[in-house]
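Sequence lines set the chain letters: A, B, ... in the order given, protein chains first and strands last, and positions in each chain run from 1.
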Amino acid sequence: MHVPDGFLDAPTSVATGVVAAAAVGVALRRARTELDDRTAPLAGLVAAFVFAAQMINFPVGAGTSGHLMGGALAAVLVGPWTGLLCVAVVLVVQALFMADGGITALGTNVVLIGVVTALVGYVVFRGLQAVLPRRVGTVAPAAAIAAFVSVPVAALVFSLLFAIGGTAPVDAGKVLTAMLGWHVLIGIGEAVVTGLVVGAVVAVRPDLVRGARPLVAARELEIRTVAA
Amino acid sequence: MGAAHGHRLHHHGHSAVHRAPAHLKILTLVGFVLLVVATPREWYAVFPAYLAVVVGTVVAARVPLGWVLRRMVIEVPFLVFAALVPFVAHGPRTEVLGLSLSEPGLVAAWGLAVKGTLGVMASLTLAATTEPTEVLTGLRRLRLPPLLVEIMSFMLRYLDVVTADLGRTLTSMRSRGCEPRSPRHWPALARSLGALFIRSYERGERVHLAMLARGYTGTLPVTTATGTATTTVRASGTGR
C-alpha cells in the first residue's frame, strides 16, 4: 500500500506533503498532552512496535502478500495523536532508510496510512463506544470495527488523489471499484488482527490501552475478606 | 545493544559521498526525485541522463551496483502493477506481440516504472551511504521539529531490540507447530503481538525513568554523529 515515486504527479505530491506536515505538527503538540514528557521514548518504542507488526506478511493470494497498516491499532492503544505520530515516524524511517515508499510520496503515504487510518479509526472507535455498553469487553470489538472501516476509507482517499493527480490513464471509477473491493478484503484481515491484539492487551493490562482507560478508571477498588 | 546500530541497508565506506553532510544529501535526494517526478514522461532522452546521475553517484560511493540492484526487489509489486496498466487503460489500442494494449497505457507504464525505479535507486543510495545517526543529525539541521527527530532516534535505537524480540517469538511459535502467517493461528499471533506491545511500552517507561535519573527535563542534549554515549550521559547528568 506504500505509494512509490511518480505514481501521483508532482503538484499532488507536494500538496499532500503540506497536509501531512500540518497534521504531524498538530499531532506533535497534542501527543504532549497524551503522554507529557514521556512522549519521545514511549512514542519511539511504540513506533518500533508498529514497524515490527508491519513486518509480518500475510499471503493474500495470487502470489502477493499484505501486512497490517496499524493506524487504527496504534490509535486505540496509545491515542489518536500519538498513534498518528508513530505511524508517520515509521513511514519516514521506511522511506529514508529502506527505500520503501517514495521519498516524494512520503506526504501521500503519511496522509493515507497515518492520518486517515488513525483519525478515522479513532473517530469510529469513539462513536461505537458511545453507543455500546460501557464495559471493557466491548473495547476489542469496537477496535476491530474501527480498523475495518479505516482501511477502505484510506483506499477511498487514495482513489480521490488518483483522480486528481494520477499519472496513469486509467478510468477513475475503475480505480475506485478495484481499490474499494480489494481493501474491504484487506480491511477484514486488519479488523481481525487489530481486534485480537487489542483484546489480548486489554485482558492483561487494560490500563495501557488508551481506548479502555475511561472504563478502567470507573472501576472501584473492592476490598474482600477471605475466610481463613 | 551498542548505541550506534549499523543499519541493514548501510554499506560502510569512506568515499566523498559517504562523507558529504547528511542534510545536503537529503535535500539533494528530495530535489532530484521531485525533478524526476515532475519531468514529462514523453521526454524519453532525459531519463537515461537521470539514470547516469544515480549510477554515477553509486559508483563514486564505491557501493557495488549488484548490492543496490539486489535491494531493489522492494519495488517488484509496483512494477507488476505498472505492467498491468496497458491492459486496463483506455485510449487507442495497439497490437504488441498479438496482445491488444492501450497506447497511452504503455506510455504511462513506462513513466511509472522508470520514475519509481529512479526513486528507489536514489533512496537506496542515501541509505547505503549514510549512517542512521547522521541522517538524524541532518534532519535536525533541516529544522525538523526536535520532538519528531527524538521519536525517530528512539525508534531506530530500539528497532533491532523489538524486531529481534518478535523474531524469537515467531521462532518459538513455529517450533510448536504454529504458522504465524496462517489465519488459523491469528489468535496466537495476536496474543504474541499484544505481549510485544506491552513489552515495548514498558521498555519505553523504563527508558524514560532511566532518562529522568540522568537529569532529563524534557529536551535531549544534542550529540553529533561522532559523539559517544558517554558524552550524552555526562551532558545530561550535569543536571540541566
At what distance, to the nearest 0.5 angstrom, does [atom1] of [X] lie from [atom2] of [Y]?
{"X": "A:F97", "Y": "B:L156", "atom1": "CZ", "atom2": "CG", "answer": "5.0 Å"}
{"X": "B:E202", "Y": "A:R205", "atom1": "CD", "atom2": "CZ", "answer": "4.5 Å"}
{"X": "B:H208", "Y": "A:L45", "atom1": "NE2", "atom2": "CG", "answer": "12.5 Å"}
{"X": "A:F49", "Y": "B:D165", "atom1": "CZ", "atom2": "CG", "answer": "11.0 Å"}
{"X": "B:F197", "Y": "A:L77", "atom1": "CZ", "atom2": "CG", "answer": "4.5 Å"}
{"X": "B:R191", "Y": "A:L196", "atom1": "CZ", "atom2": "CG", "answer": "8.0 Å"}

On a heavy-atom basis, which atom in [X] and which in [Y] lie closest, and how many Å separate them?
{"X": "B:A190", "Y": "A:A200", "value": "O-CB, 4.0 Å"}
{"X": "A:P41", "Y": "B:G204", "value": "CB-O, 3.9 Å"}
{"X": "B:L196", "Y": "A:A52", "value": "CD2-CB, 4.1 Å"}
{"X": "A:A40", "Y": "B:Y216", "value": "CB-OH, 4.4 Å"}

Let me know if A:V198 has heavy atoms under 4.5 Å from chain B in its side chain, its backbone, both or neither.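 For A:V198, there is no contact with chain B at all, as no heavy atom is under 4.5 Å.
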
Is it the side chain or the backbone of A:L106 that comes within 4.5 Å of chain B heavy atoms, both, or neither?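 For A:L106, there is no contact with chain B at all, as no heavy atom is under 4.5 Å.
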
Answer yes or no: does atom CZ of B:R174 have more than 12 heavy-atom neighbours from other residues, nucleotides or ligands under 6.0 Å?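 It does: B:R174 CZ has more than 12 such atoms within range.
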
Using side-chain contact (heavy atoms from CB on, under 4.5 Å), reason through A:I56 and B:L193 one step at a time and then give a plain yes or no. CA-CA 10 Å; A:I56 306 170; B:L193 282 178; 4.1 Å; yes

Does some side-chain heavy atom of [Y] sit less than 4.5 Å from a side-chain heavy atom of [X]?
{"X": "B:V37", "Y": "A:D9", "answer": "no"}
{"X": "A:D5", "Y": "B:K115", "answer": "no"}
{"X": "B:T163", "Y": "A:M55", "answer": "yes"}

Worked verdict on A:L42 versus B:E205 for side-chain contact (heavy atoms from CB on, under 4.5 Å): CA-CA 7 Å; A:L42 274 182; B:E205 288 179 329; 4.1 Å; yes

At a heavy-atom distance under 4.5 Å, which candidate from [options] has the highest pair count against chain A?
{"options": "B:V207, B:L209, B:L34", "answer": "B:L34"}
{"options": "B:M152, B:M121, B:R199, B:E150", "answer": "B:M152"}
{"options": "B:L148, B:L124, B:V120", "answer": "B:L148"}

Chain B contacts, top residue of [options] (heavy-atom pairs, under 4.5 Å):
{"options": "A:G102, A:S13, A:A10", "value": "A:A10"}
{"options": "A:A203, A:A53, A:G44, A:A95", "value": "A:G44"}
{"options": "A:L96, A:V46, A:V202", "value": "A:L96"}

Residue [X] versus chain A: region with a heavy atom under 4.5 Å:
{"X": "B:L118", "value": "neither"}
{"X": "B:R41", "value": "side chain"}
{"X": "B:P180", "value": "backbone"}

Using the side-chain contact (heavy atoms from CB on, under 4.5 Å) rule, take A:V90 and B:M155 through it: C-alpha gap first, then chi angles, then the decisive distance, then the call. CA-CA 8 Å; A:V90 168; B:M155 177 190 165; 4.0 Å; yes

Step by step, work out the side-chain contact (heavy atoms from CB on, under 4.5 Å) result for A:L85 and B:I151. CA-CA 9 Å; A:L85 215 49; B:I151 297 175; 3.6 Å; yes

